[in-house]
Amino acid sequence: MTDTASSTAISESVQEFAARARTWLAENMPRIDPDKPPFSVRAEAVSWERAKELQRRLYAGGFTGICFPREYGGLGLDHAYQRAFDAESRYYEMPLILNTPTLTICAATILDMGSDDQKRDRISAVLRGDEILVQLLSEPSGGSDLAGVITRADRRGDRWIINGAKTWSTSAFAGDYGLMLARTDWTVPKHEGLTMFLVPLKSPGITMRRIKEANGSEEFCEEFFDGLELGDDAVVGEVNNGWEVASRQLFHERRAVGGGSEFASGSGAENMQELPTDYVALAESTGQGDDPRVQELAGQALVRRIVKDQLIPHISRAVATGALPPTGGTLIRLFHADQTEFEVDTTLAIAGTAGVVDSGDGLMDIGVRYLSRQTASLGGGSSEMARNVIGERILGFPREMAADRGVPFNQVKRGKT
Ligand SMILES: Cc1cc2nc3c(=O)[nH]c(=O)nc-3n(C[C@H](O)[C@H](O)[C@H](O)COP(=O)(O)OP(=O)(O)OC[C@H]3O[C@@H](n4cnc5c(N)ncnc54)[C@H](O)[C@@H]3O)c2cc1C
């Protein structure tokens, strides 16, 4: 099945591949109106079951993991094939919620840094539609200072014993494995004593709770580790070299958030919040179609939308050719966050009171959307941190002062100590 499809695919041109995908999609996947797609609510388990079912269909047809190597269940093709498939699949229901973080961040990081077993077992399980992967990085004490994590992994015999807590884990309730950063050596500076683990989320020793957000969603989770036991096979990369793995993970996250990952499959809006505002329809439905102020507001947002669309391939090319360092993806990530807030603000400004008073016309969704306007400037690291990266790593400005630089972590002052 996939083998045949894979071996066929490898000798195909992009156009032939796209034509074969077109035929297969028409026969095997549910057709949708791309302007009114069936959204999946990430906080609901049923959405994940549906996504897995769709992924299994795609796998059976030989259209998953287009850019993942063949030995791990992918097709081993380049991004042009994935883009061609995305264009064809726009008219079909796709398992879009499997893209981030499962495919674009976690599987991509395992591919770069994992052991042969981890790559073979986890990536192929994800591509088959059997598993979901999540990220366990942020902690209650703060997410920006990722290298300052205090979840600990202590060696006991041939086992690792994990104690601590993680938070803001997107979709972790639906996950099977999580990439979890923990401290394994407290006697060295903070970046040097970290190890990344691949944690089976249903293990004893993990208590997971949902977090309720201001907009009512309960997609985020927090996890508490009380004596969770892991073997050496759970270590991703090398012990005490977890910062390298985390850096790779952040690299993939920046590309994923900005829409530049070759490991994403399907290109439609994942949820209603991602659907771009139709400013003309909004202006007309609120009786402001001829208002020059509203036209100007909408024009500004639309111009920036075009800039964003052009920025993504521009930066991706610059990173690929080495004209920009790998951290260049941060430019896309920052513009994406700013643009998201600009559009949310513009939409509410045009909707006015209709966006906050429920008149049964659906416009109050705009107000509810406003409650989570900052997510794009926090998820995947905050916009302030993105500006730091751009300043220090791209523009070459001096690094900001850090009182803990070079200091053994157990001597760093924290909290009230
Ligand atoms: C949509 C979304 C999805 C997420 N998914 C996940 C996930 O799956 N897994 C996970 O582990 N985490 C996840 N997070 C958490 C996210 O990574 C953190 O929110 C983020 O790293 C910021 O950490 P914090 O919220 O603890 O804020 P803090 O680190 O406490 O920062 C508070 C404020 O201080 C600013 N700040 C901190 N340090 C500096 C500095 N050096 N210079 C300038 N400003 C600074 C920050 O920018 C921020 O405004 C997600 C968050 C969101 C919004």
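Nothing here was measured: the structure is a model prediction, and the numbers come from that model.
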Using a strict 4.0 Å threshold on nitrogen-to-oxygen distance, state whether [X] and [Y] make a salt bridge.
| X | Y | value |
| --- | --- | --- |
| Glu244 | Arg248 | no |
| Arg50 | Glu53 | yes |
| Asp233 | Arg122 | no |
| Lys52 | Asp130 | no |
| Arg304 | Glu343 | no |
| Glu222 | Arg209 | yes |

Do the side chains of [Y] and [X] get nearer than 4.5 Å, heavy atoms only?
| X | Y | value |
| --- | --- | --- |
| Ser265 | Asn99 | yes |
| Leu146 | Trp243 | yes |
| Gln300 | Thr346 | no |
| Ser383 | Leu334 | yes |
| Pro38 | Glu93 | yes |
| Leu103 | Phe68 | yes |
| Asp154 | Trp160 | no |
| Val235 | Phe197 | yes |

Drop me the distance from [X]'s [atom1] to [Y]'s [atom2], to the nearest 0.5 angstrom.
| X | Y | atom1 | atom2 | value |
| --- | --- | --- | --- | --- |
| Arg128 | Leu58 | CZ | CG | 15.0 Å |
| Ile366 | Leu282 | CD1 | CG | 5.0 Å |
| Asp176 | Trp48 | CG | CH2 | 10.5 Å |
| Met29 | Glu88 | CE | CD | 13.5 Å |
| Ile110 | Gln118 | CD1 | CD | 6.5 Å |
| Ser261 | His79 | OG | NE2 | 7.0 Å |

Determine the interplanar angle of the Phe85 and Phe17 rings, folded into 0 to 90°, and report it as parallel if under 30°, tilted if 30 to 60°, perpendicular if over 60°.
tilted
Test salt bridge (Lys or Arg N to Asp or Glu O under 4.0 Å) applied to Lys190 - qualifying residues, sequence neighbours left out
Asp145, Asp404
Counting N and O atoms only, with roles assigned by atom type, does the side chain of [X] sit under 3.5 Å from a partner on the main chain of [Y], one being a donor and the other an acceptor?
| X | Y | result |
| --- | --- | --- |
| Lys202 | Gly175 | yes |
| Asn163 | Arg152 | no |
| Ser217 | Glu213 | no |
| Arg57 | Asn28 | yes |
| Thr104 | Phe263 | no |
| Thr195 | Asn240 | yes |

What do the steps show when you test Arg22 against Tyr91 for side-chain contact (heavy atoms from CB on, under 4.5 Å), and what is the final call?
CA-CA 10 Å; Arg22 193 176 314 137; Tyr91 302 94; over 6 Å; no
Verify side-chain contact (heavy atoms from CB on, under 4.5 Å) between Arg255 and Glu262, making sure each step is shown before the conclusion.
CA-CA 9 Å; Arg255 299 173 73 233; Glu262 70 273 38; 2.8 Å; yes
If you count every heavy atom of other residues, nucleotides or ligands that lies below 6.0 Å from [X] atom [atom1], does the total exceed 12?
| X | atom1 | value |
| --- | --- | --- |
| Glu238 | CD | no |
| Lys36 | NZ | no |
| Asp117 | CG | yes |
| Trp168 | CH2 | no |

For [X] and [Y], work out which heavy atoms get closest and say how close.
| X | Y | answer |
| --- | --- | --- |
| Val407 | Ala403 | CG2-O, 3.7 Å |
| Ser144 | Ser382 | OG-OG, 4.2 Å |
| Leu137 | Leu179 | CD2-O, 4.2 Å |
| Ser285 | Leu363 | OG-CD1, 4.4 Å |

Between Asp185 and Thr187, does a side chain to side chain donor-acceptor pair (under 3.5 Å) hold up when you go through it step by step?
CA-CA 6 Å; Asp185 188 346; Thr187 66; 2.7 Å; yes
Dump the intermediate steps for side-chain contact (heavy atoms from CB on, under 4.5 Å) on Thr170 and Glu219, then the final yes or no.
CA-CA 6 Å; Thr170 303; Glu219 187 201 349; 2.8 Å; yes
Provide the full list of ring pair (Phe, Tyr, Trp, His ring centres under 6.0 Å) pairs with a residue in residues 377-413, sequence neighbours left out, each pair given once.
Trp186-Phe409
Apply the test side-chain contact (heavy atoms from CB on, under 4.5 Å) to residues Met180 and Thr151: give CA-CA distance (whole Å), side-chain angles for both, the deciding distance (0.1 Å), then the verdict.
CA-CA 9 Å; Met180 197 261 315; Thr151 291; 3.9 Å; yes
Among side-chain atoms of Thr330 and Arg254, is any donor-acceptor pair under 3.5 angstrom?
yes
Does any donor atom in the side chain of Gln374 or Glu341 lie under 3.5 Å from an acceptor atom in the other side chain?
no
cation_pi(Arg120, Tyr72) dist<6.0 Å, angle<=45:
no
Begin with the C-alpha distance, continue with both residues' side-chain angles, and end with the deciding distance and a verdict on side chain to side chain donor-acceptor pair (under 3.5 Å) for Thr277 and Thr347.
CA-CA 7 Å; Thr277 301; Thr347 306; 2.9 Å; yes
Arg333, Arg387, Lys308 screened by salt bridge (Lys or Arg N to Asp or Glu O under 4.0 Å) with Asp338, the one that passes:
Arg387
Checking Arg90, Arg83, Gln82 against Asp86 for side-chain hydrogen bond (donor to acceptor under 3.5 Å, both in side chains), the one that qualifies is Gln82
